[in-house]
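Here is the structure we will look at, set down as structure tokens.
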Amino acid sequence: WQLKEARLILEQMLAVGCKPNLRTANTLLRGCKRCGEVDTASSVYKQLRKSWGLEPDAATYEYLVALWCQDLRTVAVRRLLRQAAAGPNAPEPRVLAHLWELVAEASLLRGEPISRARGAMRRAKRLHAASAGSPAVEEPSSKASDSSAL
């Protein structure tokens, strides 16, 4: 991965008036994650909404949360996850659960009070439960037959 070259190509695109799409932005974010480029990723995220008029999707959030957790930016990650859950392209509950687990780990590594990590894990558990229960909500009759089979 040549992150420097990718950034130059992006600058050239912008210079001629070509705004990137979400896939391009996410590809750049994935490269930032692989290279540990926290500041570049943060800049791309800001531009994504303000300059390019794009809404983040699940992949956007996954790359940012993983990278920011590696950098122990737990306050920013918590804010981002709250926005993600309320946004138009909110990740599925199972994805959000995994991201909250990363926050819990980063909280511990950062030396935050244990209650912060526990809070993140409680959110993750609720999201896992919501994820596990979602197919049964769609077909209530199959839930009854499934429980009797157990």
Any chance you could lay out the side-chain contact (heavy atoms from CB on, under 4.5 Å) test for H128 and W100, step after step, and finish with the verdict?
CA-CA 10 Å; H128 277 302; W100 277 108; over 6 Å; no
So S42 and R73, side-chain contact (heavy atoms from CB on, under 4.5 Å) or not? Walk me through it.
CA-CA 11 Å; S42 299; R73 295 186 183 191; 3.6 Å; yes
Given the rule in the side chain to side chain donor-acceptor pair (under 3.5 Å) test, do W68 and T74 qualify, once you have shown the distances and angles that lead to the verdict?
CA-CA 7 Å; W68 288 356; T74 56; over 6 Å; no
Check step by step if side-chain contact (heavy atoms from CB on, under 4.5 Å) holds for R78 and Q83.
CA-CA 9 Å; R78 283 183 174 91; Q83 291 171 356; over 6 Å; no
Can you list the steps and then say if V77 with L99 is a side-chain contact (heavy atoms from CB on, under 4.5 Å)?
CA-CA 9 Å; V77 171; L99 298 178; over 6 Å; no
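Between V103 and C69, the closest side-chain pair of non-hydrogen atoms falls below 4.5 Å. Residues P56 and L48 meet the side-chain proximity criterion, which asks for heavy atoms closer than 4.5 Å.
Hydrophobic clustering keeps L108 apart from V65 (ILVMFWY residues linked when any side-chain heavy atoms are closer than 4.5 Å, directly or through intermediates). In the hydrophobic clustering of ILVMFWY residues, with side-chain heavy atoms under 4.5 Å counting as a link, L64 and L22 come out together. Put simply, L29 and L3 are part of the same group of oily side chains (I, L, V, M, F, W, Y) that touch within less than 4.5 Å, one to the next. Under a hydrophobic-cluster definition in which Ile, Leu, Val, Met, Phe, Trp and Tyr are linked whenever side-chain heavy atoms come within less than 4.5 Å, directly or via other members, L14 and V44 are assigned to the same cluster. Both Y63 and V95 are assigned to one and the same hydrophobic cluster, defined by single-linkage of ILVMFWY side chains at heavy-atom distances under 4.5 Å.
Of all heavy-atom pairs between R122 and S115, the closest is NH2-O, 4.5 Å. Heavy atoms only, all atoms of each residue included: P20 and L54 are closest at O-CD1, 3.4 Å. L67 and E37 make their closest contact through CD2-O, 3.6 Å (heavy atoms, listed as atom of the first residue, atom of the second, distance). Closest approach of L96 and P91 over heavy atoms only: CD1-O, 3.7 Å.
Residues in residues 49-61 take part in these side chain to side chain donor-acceptor pair (under 3.5 Å) pairs, two or more places apart or across chains: N26-D57, N26-T60, Y45-R49, R49-E55, D57-T60. Identified under the salt bridge (charged side-chain N to carboxylate O under 4.0 Å, His left out) test for residues 93-107, with sequence neighbours left out: E92-R94. The side chain to side chain donor-acceptor pair (under 3.5 Å) analysis of residues 7-19, with sequence neighbours excluded, yields the pairs R7-T40.
H98 contributes atom NE2, which lies 13.0 Å from atom OG of S131 (distance to the nearest 0.5 angstrom). To the nearest 0.5 Å, atom NZ of residue K33 and atom CG of residue L28 are 14.0 Å apart. To the nearest 0.5 Å, atom CZ of residue R116 and atom CD1 of residue I114 are 12.5 Å apart.
Cluster partners of V16: none. The rule joins Ile, Leu, Val, Met, Phe, Trp and Tyr whenever side-chain heavy atoms lie under 4.5 Å apart, and it links nothing here. Members clustered with M13: I9, by chain and number, using a 4.5 Å side-chain heavy-atom cutoff among hydrophobic residues.
Remark: side-chain polar atoms of T27 are paired, donor with acceptor, to backbone N or O of R23 under 3.5 angstrom. A donor-acceptor pair under 3.5 Å is formed between the side chain of R110 and the backbone N or O of L72.
With sequence neighbours excluded, the residues satisfying side chain to side chain donor-acceptor pair (under 3.5 Å) with N21 are T24.
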